[in-house]
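What follows is a single structure, written as structure tokens, with notes after it.
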Amino acid sequence: MAFVTANWNPLGDAFYRKVELYEMGWSLKDGLRDCHVAAAPYGGPIAVLKESQRCSPSVRPQLDIYTASGMPVAAFPWKSGVVKQLGWTVGDDLLCVQEDGTVLVYDLFGSFKRHFSMGNELVQSHVLEAKVFHSPYGTGIALLSGTFRFILATNIEDLKLRRLPEVPGLQGAPSCWAVLSQDRQSKVLLAAGPDLYMLDTTACTPVIPPGLTPQASSIVHMAVSFSYKYLAFFTDSGHVWMGSANLKDKLGEVETKMKTPPKQMAWCRRPKGQQPSVVVMWEKNLLVAGQCQETIQYHLDEDSVLVPEMDGVRIISGSHHELLQEVPAACEEIFKIASMAPGALLLEANREYEKESQKADEYLREIKEQDLLGEAVKQCVEAAGYEHEPETQKMLLRAASFGKCFLSNFRPELFVHMCRDLRVLNAVRDYTVGIPLTLPQYKQMTVQVLIDRLVHRKLYPLAFEICRYLKTPEYQGVSRVLKHWACCKVQQKEEADEVIARAISVKLGETAGISYSDIAAKAYECGRTELAIKLLEFEPRSGEQVPLLLKMKRSQLALSKAIESGDTDLVYTVVTYLKNEMNRGDFFMTLRNQPVALSLYRQFCKHQEPETLKDLFNQDDDHQELGNFYVRASYQEGKLETRVSLLQSAVDEYNKAKNEFAAKATEEEIRLLRFQRRVEEEKGERVLGCSLHDTLHCLLTLGLHKQAEQLYKDFRVPDKRYWWLKLTALAEKEDWEELEKFAKSKKSPIGYLPFVEVCVKHLNKYEAKKYVSKVTPEQKVKAHLAVGDLEGAAEAAIERRSEGEVSLVLSRCSATTDRTIVDRLNRARAAAAKK
Amino acid sequence: MAHSARRDAPELPDFSLLKRLARDQLIYLLEQLPGKKDLFIEADLMSPLDRIANVTMLKQHDVDKLYKVENTPIFSTCDQICFLIRPRIQTVKWIADTVNADKAAGKFRKYKIIFTPQKFYACETVLEEQGIYGDVSTDEWAFYLLPLDDDIISLELPEFFRDNFLEGDQRWVTTGGSALHLLHSLFGPFSKVYGIGRCAKMVYESWREQVEESEQKAQKSEIGNVFLIDRDVDFVTPLCSQVVYEGLVDDIFRIKCGCVEFGPDVTTADKSMKVMLNSQDKVFSEIRNEHFSNVFGFLSQKARNLQTAYDKRRGMDIKQMRTFVSEELKGLKQEHRLLSLHIGASESMMKKKTKQDFQELLKTEHSLLEGFDIRECITYIEEHINRQVSMIDSLRLLCLLSLTENGLLPKDYRSLKTQYLQSYGIEHLLTFANLRQLGLLVEQQPGDALTAMESKVGKLVNDKTAEKLTGAFSSLAKKSNFRALSKKLALVPKTGEEYDLRVPRDMAYVFSGAYIPLSCKLIEQVLERDGWTGLEEVTRMLNGNEFVVTASHSGADARFKTDSQRIILVMFLGGCSYSEISALRFLGREKGYKFIVLTTAIINSARLMEAMLDNHV
């Protein structure tokens with residue numbers, strides 16, 4: 001057991017340990033001396049820039065990017081201006097803050113992404129110092145300008161520059177400063193000699209740390225904890241003051257007996273830790289100062305850099321990469337020398353069991369007697385999570401598994417999840433991958449982000465395997481990885497379109513949630529139009545293909561795809577696009593082959609551009625529709641001449657369409673219109689635009705029988721209609737004399753019943769009766785009934801021996817008043833029945 | 001007189017949820033434009049909106065004044081204006097004109113357009129072309145479904161019919177899909193979908209796509225089966241005169257959004273009155289599905305019952321009287337009021353419908369359906385036209401003649417059209433062009449020409465894309481085949497048998513026993529056979545496009561016939577008539593189903609014909 005605690009050091013009640021993560025794979029000539037070094041938290045990449053640039057401007061320094069294990073990722077000569085600060089964003093992009101306030105953004109592989117400026121004034125005043133910080137709002141940058149003003153941007157993705165208020169009486173650069181994230185805003189805390197100021201966007205407030213030793217005359221270094229909750233100062237008197245970031249509470253103060261300002265200082269605390277501490281680094285040594293006033297001293301052989309993490313501090317030097325952290329409680333319980341904790345006993349029991357010794361039983365019994373076996377298993381599982389060496393992890397898990405056998409209702413999830421997590425962690429901690437995540441970091445970061453980071457590093461197979469292993473839902477897992485892979489694949493210029501398209505389709509297949517159009521868009525972005533089209537073929541949702549096809553100017557294809565999708569809005573988008581892109585003739589030709597698009601466009605034209613509609617029909621030689629178009633136009637037109645000429649065009653079109661009927665009807669309409677105008681001119685009656693029927697009616701009611709007669713002849717109005725018309729018109733006018741004359745003029749083609757009925761309708765029974773006699777025998781009954789002559793009706797009915805008619809008359813009779821008629825009818829009926 | 005329903009008929013889902021959803025969304029949208037605002041509402045959205053939200057509610061959300069969109073310049077003093085409109089180009093254009101007029105006058109206001117149920121790209125293009133894209137904000141009010149009654153849901157999109165079937169504009173297909181999707185997500189999952197018609201197929205596909213894109217949550221299904229049917233599968237039914245009470249009220253008084261306005265002749269008061277017609281109205285709910293000839297008898301019986309209930313008062317002691325007043329009287333009064341209204345309505349209808357003319361009209365319709373005395377029918381129609389009896393009715397008879405006879409003889413076709421034009425003017429040349437395009441009024445083709453056309457279309461149909469292309473225009477080649485269909489499906493009961501309308505024996509009662517609605521008969525047959533097998537000949541005559549899809553996940557559920565399996569959602573694409581709804585209710589009672597009718601709009605013969613007129617747009 002001794003080997004596990006070998007690197008442990010006591011600090012107060014707790015232990016601290018320094019674990020070696022990697023032996024660095026890089027080959028740096030002078031280690032990290034005179035280098036700008038930036039290492040991203042959560043085991044992120046490391047950027048190294050030699051600082052020799054100032055000595056000889058002609059020599060271009062090299063900017064190197066490594067993984068946390070020192071494997072080179074990218075390297076390129078630095079050609080831009082003087083770099084003041086390097087930093088990493090939360091999305092693994094490298095930020096290079098230059099002296100002139102320009103910030104250059106590179107991706108993990110050293111390709112330039114973009115740049116932005118932190119303010120024009122910096123070109124003049126220059127950047128004195130810069131800090132890159134992370135907050136819940138993203139990655140931010142804070143700068144101190146040559147005029148001793150602070151400029152701050154909380155999130156570089158959504159750049160809003162804030163110039164913080166001036167610090168009164170600040171003559172030189174502050175001795176030290178830090179960025180705090182409090183109350184949902186970023187603030188700067190700065191020390192100028194003995195004074196301490198808090199700067200936020202609106203004000204500059206002097207602050208005093210509670211209980212700072214009176215021996216201190218100025219603060220020379222400060223450090224904010226990873227969570228922004230704690231603050232530490234290093235004073236010129238060599239004291240380390242620790243307190244809360246709001247400067248209300250003091251946690252402790254340690255005297256280091258070192259007067260030189262430290263090179264770097266960082267908080268080292270873990271969630272639920274017992275003994276928070278501050279790690280202070282000088283040129284040659286490292287000091288861990290705990291709240292308990294105790295310290296641990298380490299000697300440093302090389303120049304090193306501290307990287308604060310949420311549960312410890314990583315120390316990177318030219319040759320090694322170590323993690324310094326408080327030993328987690330579970331590990332301490334188990335591995336502390338002479339520990340009698342249940343976990344320690346279980347581990348021992350398992351060890352004896354593996355040796356096939358009966359002592360195993362004794363240990364086990366001891367735990368079980370205290371009823372702590374469950375606790376013991378949990379401890380072992382938990383401790384395994386905190387160990388870096390797979391051997392130790394295995395040992396602990398084996399013990400846990402052994403203990404589990406003696407428990408009946410122990411929930412397996414804890415054990416299973418831990419095994420699974422450790423498997424993932426060990427995989428990414430591997431030298432070749434180089435992401436030294438601890439379990440709490442991994443939990444904090446989530447699998448999603450880890451997958452993102454792996455994808456970002458183009459470690460597709462690993463990301464893919466992890467997704468499969470953890471059974472991440474396809475949409476968030478496998479599909480996402482494959483999509484990124486495919487997007488990366490299309491950028492490989494050396495491979496042929498065919499090969500890439502096939503490779504992608506083979507690998508992606510029908511995986512759910514894959515958008516081929518996104519990949520195609522990427523291909524197009526890289527200038528590979530042919531490849532993009534090939535990829536689009538795989539996209540099952542045709543609607544998705546359209547926007548890109550348009551962008552690539554494959555408008556015909558886009559149109560058919562849009563129609564295939566059944567989304568009319570999409571079709572319309574393409575149509576509008578085509579309309580603007582093509583010349584009119586081609587545009588119409590295209591539409592002609594796509595009826596769906598054509599009808600959509602027609603609908604639009606009907607309201608917006610009626611003239612275009614006409615052109616459209618013209619193009620198609622659709623004479624029928626053209627004819628209709630002119631007819632429609634004609635009745636929206638007020639002036640007679642235009643109307644006639646429009647109708648004339650309609651006639652021509654109808655003739656071309658071989659629609660004789662419509663042509664003839666239209667010709668007649670023209671004649672009618674002319675006739676109506678004549679009537680209007682001669683008689684001053686408004687009949688223009690009426691139908692033939694209405695015109696006739698109008699003429700007849702006005703007594704213009706001659707004109708009516710002429711119309712009747714000219715337009716070959718059927719006799720029936722004419723008689724009906726004349727009949728009703730005369731009745732309306734109550735011109736009974738004329739009506740009688742008319743009735744006698746010829747044999748009526750509609751019979752005489754209508755005469756009876758019309759007269760009755762106009763409440764003239766007297767006139768009506770005149771026509772009853774003329775009515776054909778079949779209609780006699782009806783006629784008699786219409787004028788209310790029951791007797792006549794009865795007679796006619798009996799005469800005709802019609803059963804139905806007899807009943808009809810009977811139904812009209814009332815039993816009391818029409819006694820005699822009823823009797824007669826009944827008699828007749830009986831007689832008929834007898835026969 | 002209410003029919004004894006089968007005891008095990010399942011309960012209908014509660015659709016008031018749809019109203020609440022729509023209301024909440026509207027409030028949310030109104031709140032997006034904080035502060036006082038004037039609201040301009042598209043005329044035909046007024047009634048649907050009434051069903052969703054009242055004026056008080058609108059006022060609560062800072063609506064100052066309400067206006068109807070009337071395509072005239074606006075006079076509003078408010079500096080915020082909100083338009084609630086259908087996505088129609090001409091309305092958007094009017095808004096653009098309004099905004100531009102304000103700009104010219106130097107007025108600065110905030111404008112917001114809320115499109116319902118969705119916005120179309122074409123509308124946005126108009127905004128862009130008129131140069132006001134940046135001046136207005138747009139939103140969508142996903143108000144797809146308006147429950148008109150317990151078993152009727154309407155999309156309230158009358159233009160669906162014309163746009164889709166006549167203009168070949170498929171923009172509403174997605175709307176139909178979304179509507180179905182909404183019902184599916186609230187009351188689904190559906191286990192089986194049947195359908196017939198090209199549009200039905202497209203709506204189904206659109207819905208399917210939306211289901212695939214959205215997340216599915218497991219829930220208890222309340223609607224098991226869905227039947228999608230295109231209006232152009234059956235044009236005959238909506239063209240017949242309606243004789244069931246509800247249909248007749250619609251034909252004569254025009255029901256708007258489940259609400260009818262009775263004129264003074266009905267109310268016997270001096271002003272007209274708006275009445276909601278739905279199952280809440282106890283009197284109406286009992287007579288709505290009755291053949292008109294029974295209604296009067298029923299109403300008088302009801303009146304007598306009511307009197308008896310009133311008469312109970314006599315001989316009551318004080319205590320009894322108190323309970324009577326507090327518990328029964330209000331209900332009785334209410335019933336009394338409704339009863340007198342419906343009696344008034346029946347009387348007014350009676351006056352119109354028992355006249356000789358109407359009887360003759362019905363006789364002609366029945367002859368056409370049966371295929372008897374066609375010559376006589378033509379003479380009747382001629383007279384109808386010549387006497388200018390009714391522009392719409394004449395047109396309807398012409399269509400009915402053409403549909404039942406598979407087109408008119410060339411001679412008749414010409415002469416009837418000429419006479420119609422003489423009566424009503426040349427502009428109906430366009431109406432006839434529309435009717436021809438839809439296959440409603442066509443010339444009989446010599447046999448060869450048609451088959452050639454058919455095979456040409458058939459060839460195209462093989463290709464998936466081509467299928468969609470020809471979709472809208474296939475009606476050109478469409479034969480109605482009514483006679484053959486009628487024989488095959490026994491739509492016209494044998495004549496000679498007496499049909500007792502008081503005890504209906506089949507769905508034909510909705511047309512006085514003369515004809516079983518084709519649409520409803522198809523539904524009955526398909527449900528009975530659980531698919532289209534055995535109906536091959538029928539579907540061929542209906543131009544195919546039938547489908548049936550069983551949801552893959554329903555394997556386990558299908559074993560037991562749950563209640564939801566007997567709730568069937570019938571979606572009419574292009575509208576349905578009240579007679580069809582009555583027929584389906586009858587079918588449901590007979591077979592123990594519950595039908596829910598989802599329609600793009602409620603139509604009747606007049607609405608159908610009016611949609612064909614060209615001055616319509």
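Reminder, nothing fancy here: chain letters follow the sequence lines and each chain counts from 1. Since the model is a prediction, treat every value here as computed from it, not as a measurement.
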Can you tell me how far CG of L421(B) sits from CG of L692(A), rounded to the nearest 0.5 angstrom? 10.0 Å
Greatest number of heavy atom pairs closer than 4.5 Å to chain A - which of T418(B), V173(B), I385(B): T418(B)
Do side-chain atoms of R721(A) reach the backbone of Q419(B) as a donor and acceptor pair under 3.5 angstrom? yes
Side chain, backbone, both or neither: which part of E124(B) has a heavy atom under 4.5 Å from chain A? neither
Counting only non-hydrogen atoms closer than 4.5 Å, does I426(B) touch chain A with its backbone (N, CA, C, O), its side chain (CB onward), both, or neither? both
Output for pair (E625(A) CD, L430(B) CG), nearest 0.5 Å, gives 9.0 Å
Step by step, work out the side chain to side chain contact (heavy atoms under 4.5 Å, CB included) result for H693(A) and Q388(B). CA-CA 8 Å; H693(A) 186 100; Q388(B) 271 195 334; 3.0 Å; yes
Using a cut-off of under 4.5 Å for heavy-atom pairs, which of H428(B), K417(B), R387(B) has the most such pairs with chain A? R387(B)
Those residues at least two apart in sequence (or on a different chain) that pass side-chain contact (heavy atoms from CB on, under 4.5 Å) with T573(A) are Y121(B)
Side chain, backbone, both or neither: which part of T379(B) has a heavy atom under 4.5 Å from chain A? side chain
Determine, step by step, whether W724(A) and E383(B) satisfy the side chain to side chain contact (heavy atoms under 4.5 Å, CB included) criterion, reporting the C-alpha distance in whole Å, the side-chain angles of both residues, the deciding distance to 0.1 Å, and the verdict. CA-CA 9 Å; W724(A) 268 112; E383(B) 193 184 315; 3.7 Å; yes
Of the non-hydrogen atoms in Y424(B) and S691(A), which two are nearest, and what is the gap between them? C-CB, 3.6 Å
In terms of heavy-atom proximity below 4.5 Å to chain A, should E128(B) be classed as side chain, backbone, both, or neither? neither
Residues of residues 656-672 of chain A near chain B, each having a heavy atom less than 4.5 Å away: F661(A), A662(A), A665(A), T666(A), E669(A)
Would one find more than 12 heavy atoms of other residues, nucleotides or ligands at under 6.0 Å from atom NZ of K579(A)? yes
From the list S423(B), S415(B), G425(B), A433(B), the residue making the most non-hydrogen contacts under 4.5 Å with chain A is S423(B)
Identify whether the distance between the nearest side-chain nitrogen and carboxylate oxygen of R643(A) and E427(B) falls below 4.0 Å. no
Give, as side chain, backbone, both or neither, the part of F629(A) having an atom under 4.5 angstrom from any heavy atom of chain B. neither
Counting heavy-atom pairs under 4.5 Å with chain A, the top scorer among E382(B), E129(B), K119(B) is E129(B)
